[in-house]
Amino acid sequence: MDMNWIKTLKSLQQPSCNVAPRLLGCELERTFGNKTVRVRIVETEAYSQTDAASHSYKGRTPRTDIMFGPAGHLYVYFTYGMHYCCNVVTGLEGEGAAVLIRAVEPLEGENILETQRRVQGISLTNGPAKLSQALGIDKQLNGHDLSLSPLKLVLRPPLEANMITTTTRIGISQAKDVPWRFYISDSPYVSKK
DNA sequence: AGCGGGATTTTCT
DNA sequence: GAAAATCCCGCTT
């Protein structure tokens, strides 16, 4: 295991509400054969086991199993009959915690994202199901180790707190008042302001 | 710009 | 059997 990833893991083995803002500005690197796509994370939400809005709230099930596993793996879920969304698992093993990636900005290989999505511009990656489709993420990558190809998480230096907006989460019916949504204030790719 | 409904299937009650 | 960590389209203003 390389040194950079050990450092990454250390920052992920913490409560999801600490990790979620930490992931802003970090990158995802997706490879398709010899082609590379890089994106920058600009919006996240934290979910934890004691949180009524979380899939892990009612305990470990076949669906949420990955959330309870080691940090630094990918939790992918299927919802509304047609969409995949992806999360970075956080916390210690046995804790059901993860950070939902809600929006990213293209950095490299935008044309490949466009091929997956069949749209252009902001709506390419400004939502959790949109970015998952753009990056070709589905159930096959559920449980994937994010230190490995074809999908890697690359940590970047933490952003200044004054660049980040903190709000309540989107699309949930429980724990609506918990302020666990974080986004880079000036990013045009944020799903909703 | 904002609202309302339909798509479509896994998951748990 | 109902709800779901969503998206897209069409309608109204």
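Just so we're on the same page: letters track the sequence lines, and every chain starts at 1.
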Q. For the side chain of A:Glu43 and the backbone of A:Ser191, is there at least one donor-acceptor N/O pair under 3.5 Å apart?
A. yes
Q) Side-chain N or O of A:Thr61 less than 4.0 angstrom from OP1 or OP2 on B:dC12? A) yes
Q: Identify whether any heavy atom of A:Phe78 sits under 4.0 Å from a base atom; if not, whether one sits that close to sugar-phosphate; answer base, sugar-phosphate or nothing.
A: sugar-phosphate
(Q) Within residues 94-102 of chain A, which residues have any heavy atom lying less than 4.0 Å from an atom of DNA chain C? (A) A:Leu100, A:Arg102
**Q.** A:Thr125 backbone acceptor or donor facing A:Arg117 side chain under 3.5 Å
**A.** no
Q: Under 4.0 Å from any atom of DNA chain C, heavy atoms only: list the residues of residues 127-141 of chain A that qualify, in numerical order.
A: A:Gly127, A:Pro128, A:Ala129, A:Lys130
Q.
Tell me the interatomic distance from A:His55, atom NE2, to B:dT13, atom P, rounded to whole angstroms.
A. 13 Å
Q) What is the distance, rounded to the nearest whole Å, between atom CG of A:Asp65 and atom P of B:dC12? A) 11 Å
Q.
Can you say whether a donor on the side chain of A:Tyr77 sits under 3.5 Å from an acceptor on the base of C:dA5, or the other way round?
A. yes
Q: Answer with yes or no whether the side chains of A:Ser16 and A:Thr90 bring together a donor and an acceptor at under 3.5 Å.
A: no
Q) In terms of side-chain geometry, is the basic nitrogen of A:Glu29 or A:Lys152 positioned less than 4.0 Å from the acidic oxygen of its partner? A) no
Q | Integer-rounded Å distance: C:dC7 P and A:Lys192 NZ | A | 12 Å
Q. What is the nucleic acid contact for A:Arg63, judged by heavy atoms within less than 4.0 Å: base, sugar-phosphate only, or nothing?
A. sugar-phosphate
Q) Of the residues in residues 42-53 of chain A, which ones touch DNA chain C at a heavy-atom distance under 4.0 Å? A) A:Tyr47, A:Ala53
Q) When the distance from CZ of A:Arg118 to P of C:dC7 is rounded to whole Å, what number comes out? A) 18 Å
Q.
If you only use heavy atoms from C-beta on, which nucleotide in B:dC12, B:dT8, C:dA5 is closest to the side chain of A:Met82?
A. B:dT8
Q: Provide, to the nearest angstrom, the distance between the CG atom belonging to A:Asn126 and the P atom belonging to C:dC7.
A: 8 Å
Q) Which comes earlier along DNA chain C counting from the 5' end, the contact point of A:Val119 or that of A:Ser173, where each point is its nearest nucleotide? A) A:Ser173
Q.
Please report the distance, rounded to the nearest Å, between CZ in A:Arg169 and C1' in C:dA5.
A. 8 Å
**Q.** Contact summary for A:Pro128 and A:Leu100, nearest pair of heavy atoms
**A.** CB-CD1, 4.3 Å
Q: Look through every strand shown and name the nucleotide pairing with B:dG5 as Watson-Crick or G-U wobble, where both distances are under 3.5 Å.
A: C:dC8
Q) Only one of A:Ile184, A:Val104, A:Val42 forms a side-chain contact (heavy atoms from CB on, under 4.5 Å) with A:Tyr189, so which one is it? A) A:Val42
(Q) Using whole Å, what does the distance between atom C1' of nucleotide B:dT10 and atom CG of A:Asn142 come to? (A) 13 Å
Q: Please indicate whether A:Gln120 has more than 12 foreign heavy atoms, meaning atoms of other residues, nucleotides or ligands, lying under 6.0 Å from its CD.
A: no
Q: Would you sort out whether A:Thr165 and A:Ser185 count as a side-chain hydrogen bond (donor to acceptor under 3.5 Å, both in side chains), showing the intermediate values?
A: CA-CA 5 Å; A:Thr165 300; A:Ser185 307; 2.7 Å; yes
Q. When we call it a touch if two heavy atoms are under 4.0 Å apart, what does A:Arg117 touch: a base, just sugar-phosphate, or nothing?
A. sugar-phosphate
Q) If you take all heavy atoms of A:Leu141 and A:Pro150, which pair is closest and at what distance? A) CD2-CG, 4.5 Å
Q.
With clusters defined by side-chain heavy atoms of hydrophobic residues (ILVMFWY) lying less than 4.5 Å apart, directly or transitively, does A:Ile41 cluster with A:Ile112?
A. yes
Q.
C:dC7, OP1 or OP2 - any side-chain N/O from A:Ser123 closer than 4.0 Å?
A. no
Q: By nearest nucleotide on DNA chain B, pick out whichever of A:His83 and A:Arg60 is the more 5' one.
A: A:His83
(Q) If we check side-chain contact (heavy atoms from CB on, under 4.5 Å) with A:Leu124, which of these qualifies: A:Gln116, A:Glu105, A:Glu110? (A) A:Glu110
**Q.** Side chain of A:Ser54 (C-beta onward), nearest among B:dT8, B:dT9, C:dA5
**A.** C:dA5
Q | Cation-aromatic face contact A:Arg169/A:Tyr47, 6.0 Å, 45 degrees | A | yes
**Q.** Length of the line joining A:Lys193:NZ and B:dA1:P, which is rounded to integer Å
**A.** 14 Å
Q) Which atoms form the tightest heavy-atom contact between A:Ser54 and A:Gly96, and what is the distance? A) OG-O, 4.5 Å
